[in-house]
Amino acid sequence: MRQPADSSRQIPPLLERVEELLRSLTVDERAGLTSGTDAWHAGGADSIGLGPMLTLDGPNGVRGPVFPPGSSATCTPCGTGLGATWDVDLVSEVAARIGLEAKRAGVHYMLGPVLNLVRSPLGGRDFEGYSEDPLLTAELAVAYVAGMQSQAVAACPKHLVANDSETHRRTVNCIVDERALREVYLLPFEAVARAGAWSMMAAYNRLNGVHGTENGPLIHDIVRDEWGWDGVMVSDWHATHDTLIAAGAGLDLEMPGPPLFFGPPLAAAVRRGEVDEEVLNSAARRILTLAARVGALRLEGAAPTAAASAEPSTAHATGAAAPQLLSDATAAALVRRAAAESFVLLTNDGALPLVPASLHRVAVLGPNAALPCTQGGGAANIDAPYAISPLEGLRAALPAGVEIVHEPGCKTDLFLPALSRMDAADLDGNPGLTLEIFRGREPAGTPVARLRMETSEVIVGDYVPPGVDATDYAYRLSAWLTPAVGGAHDIGLRGMGGRRLFVDGAPAADNWDAKAGVDMPAERFENEEQLATFQFEAGKRVLAVAEGHCNDSMARMLIVGCAAHETRDNMAAAVEAAASADVAIVVVGNDDVYEAEGHDRNTVTLPGRQDELIERVAAVNRKTVVVVNAGCPMDLPWADGVAAVVYAWLPGQEFGNALADVLLGVAEAGGRLPLTLARTSADYQAYDTTPDADERLIYSEGINVGYRGFDARGVEPRYAFGHGLGYTTFDYESLELAADGLAEGEALELRVKLRNTGTRPGKEVVQVYVADLEASVPRPPRELKGFAVVRLAPNESAELTLTLEDRDLGYWDTARHSWRIEPGRFEIQVGHSSRDIRLRAEFELA
Ligand code: BGC
């Protein structure tokens, strides 16, 4: 593993100034820095000119809460998509772009990247992490952190640690053995800590019995002392449970506000002598250091950090959202390229790339063709300026003479689709919906706020104006709907807390006395959708009104959905369209309810009748190209019976354009699998994420996560970790080791020569695995220890140099509680994937 240069260490004058400022603050002021003031701001200190610091989610773009109109943020590919690029430079570029937009929006902390691993294919947030492999995750995370912090915005890698699934996420007790923890789950956190991430987030879950915010041995002894990390440890939202334990464990910042355990309660505990004042000082010192690093704290006389001097933002100085556009054409071009680089071509019988001149009729089928899932649900979900669907992308890219027919074939929705500005008008007649907020429990009288919404999925808490009691307000979401077709329609309401729905004044749903829980993402999935059926006339508008109220400090959510009953056989229509087309492109996948924070899935099967759709289409059209729009591993039982399969992840706002680029050969599918796709769900060693009766989730596979487990058990995956095709071929010509042995403390240089033997320029991801041939403890048959991206023209060759550090060869010795580099023979395996090793060489570690 390469240890990147540390860009974060302070320049002494900065530290001295921070010390001076710290000494000038009272206990209350110092404690005020350690807690949130509202959902997204951390406390500042007026006496030293430090305003509240803004924290926002990440990781695939800058999430609201409320940007000025027209300033939505760029939506990039999701974590697994970026993971599939295996490209540290590209990931850094994407993160720098998000950082730039974050800075423009006045953000100081961006809550990402996600370093949890794709342990089970059912993990609700799999799409946010990069991969199943610790090294790939670590290297991409370091690149992301560097890109983000180059913009003077703190990255906040999350969630420390073993938050690899969502079921009972606030109480689950993940039982992880010491070796797996060190070699697998902590490794990415270690890499970003050593690389100087300015903050990090402590997870909800318990690890071996201890909550993330209370784990002193982890935060103090490992992260700070052993790894030498000086950043700010932030709690996950509402993950702090106790003042003394969390402060003693080394947590610096309780989020969100208003404070429950830090802030004033921490000051009181210091005064009572229950918390050592030095503990508070250390937390405040780290927070002020971060404030200085992001340019929020004026430090006359101190040399700025490299990052802080990058482009000082006026928004930073004030903490206020700057009224300027966040996304733009440069960002669009970047995320279009990144999406194409993330697509993994799993199989191709030669159907791709398509030759536009030979096409007359193209069938673009499947539920995700027109309604794609460009991003997952929950904290990662951002207000993107647009989302180009595959259908739109192909329409724009194919020559005018090519006829395009579209049929969805079936549905994926678990719930009714939320309304958007495309199908609703607000109370003023503009596209969108109207949200009104009222004081008190009833939505009556004059509203204190009236806003236009883009969709009917609204987190109301984000829009409550200052001055309104956050524990006593009501709200109303109104939309004029103009049905495109007449007949029966279902209309439904979901949400959190007391809520009800009317259609043209008639009651449609009533849950007015419902109590809100504490986990909005979980309730988004778990809470029942109340449904009613109405007969609508085509073109005759109806008024849908949803209302709710809030009587505690938990933010509220409303989701109104509507869909016409199906009156025709959509599956048959799709098959008919496929039969007469030159090529059938079937876009299948998930939606942002399946792939979301707050819950796990219970199957790897594509939702609805999508498998059947593919099989029936493939039966009538030999040239069936399947595009899988999913951020997590899904089952592909039909893969051998179709012409080509592209795994497209949740690719962000440029999905359709990037897909057209790849299908038409303007770009190559640059991705390689960052995770294993099994032949059957039974082949995944870690599958069920439900804790046992004692709330334990036992990581019984130990270090054998992902491909390591498939290799160790001799199970053939459907598509192996690292696999992915391009439109050209590469020959691996030679592997040379600079020495045939090395001693502890030394590094080993490898030289790999390869040549593009095809007819098109292309990308190869050279993967280096290591097998310990004489280990005294069980080790995985192979572990990824390095990789490099190379792009070559036809017949061009290149020699790459990769370096293995001795630590890359070691394992965690549980008897000595340290890394152990054990002498013996090792094999280096270099290849195209974990199951396609092209070159091998042995060496001896003395
Ligand atoms: C998520 C975090 C997120 C935070 C703020 C939590 O529910 O686990 O990833 O950063 O909310 O939205």
Side-chain angles (χ1 to χ4, degrees), residues 35-42 53-66 73 78-79 98 102 105 107-117 123-130 141 144 148 153-172 174 188-189 197 199-207 211-213 232-241 251 253-257 375-383 459-462 496 516-526 553-557 592 595-600 631:
S35 64
T37 55
D38 61 23
W40 304 110
H41 288 91
M53 292 210 277
L54 181 59
T55 64
L56 283 185
D57 283 298
N60 49 265
V62 186
R63 183 175 173 213
V66 189
C78 69
I98 300 173
V107 179
H108 302 97
Y109 295 82
M110 273 296 285
L111 306 177
V114 171
L115 308 195
N116 303 117
L117 297 186
R125 295 182 89 168
D126 279 354
F127 73 92
E128 286 189 66
Y130 292 127
Y144 188 101
M148 175 66 60
V153 174
C156 186
K158 58 190 188 182
H159 312 79
L160 184 75
V161 61
N163 184 182
D164 309 293
S165 49
E166 290 290 280
T167 307
H168 301 186
R169 65 178 177 156
R170 285 165 187 269
T171 51
V172 62
C174 298
F189 290 95
S199 66
M200 212 183 269
M201 187 187 286
Y204 288 125
N205 57 288
R206 288 180 289 160
L207 168 72
H211 274 291
T213 51
V232 174
M233 188 63 75
V234 186
S235 74
D236 199 344
W237 266 227
H238 301 287
T240 314
H241 310 281
L251 185 75
L253 176 59
E254 176 200 10
M255 283 302 289
Q375 49 174 331
N381 201 271
I382 70 162
D383 177 13
I459 297 174
V460 184
D462 286 345
M496 179 167 169
V518 292
D519 196 337
M520 184 186 295
E523 294 204 34
R524 177 175 181 261
F525 180 73
E526 284 158 10
S553 64
M554 293 305 302
R556 290 297 194 268
M557 170 182 54
D592 69 0
E595 300 226 30
E597 178 188 348
H599 74 95
D600 295 322

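If you read the sequence from its start, that first residue is 1, and numbering goes on from there. Counting starts at 1 for both ligands and their atoms, in listed order.
For the pair Ala380 and Phe127, the tightest heavy-atom approach, listed with the atom from each and the gap, is CB-CE1, 4.0 Å. Of all non-hydrogen atoms in Val161 and Ala203, the two that sit nearest each other are N-CB, 4.0 Å.
Across Asp519, Asn205, Asp236, a single residue satisfies side chain to side chain donor-acceptor pair (under 3.5 Å) together with Arg169, and that is Asp519.
Residues lining ligand 1 at a heavy-atom distance below 4.0 Å are given as Trp40, Asp57, Arg63, Leu111, Arg125, Lys158, His159, Arg169, Met201, Tyr204, Asp236, Trp237, Ala379, Glu597, ordered by chain and residue number.
Asn116 is linked by a side chain to side chain donor-acceptor pair (under 3.5 Å) to His159, counting only residues two or more places apart in sequence or in another chain.
Using a 4.5 Å cut-off on side-chain heavy atoms (C-beta onward), Met110 and Val62 make contact. Looking at Tyr109 and Trp40, their side chains never come closer than 4.5 Å, going by heavy atoms from C-beta outward.
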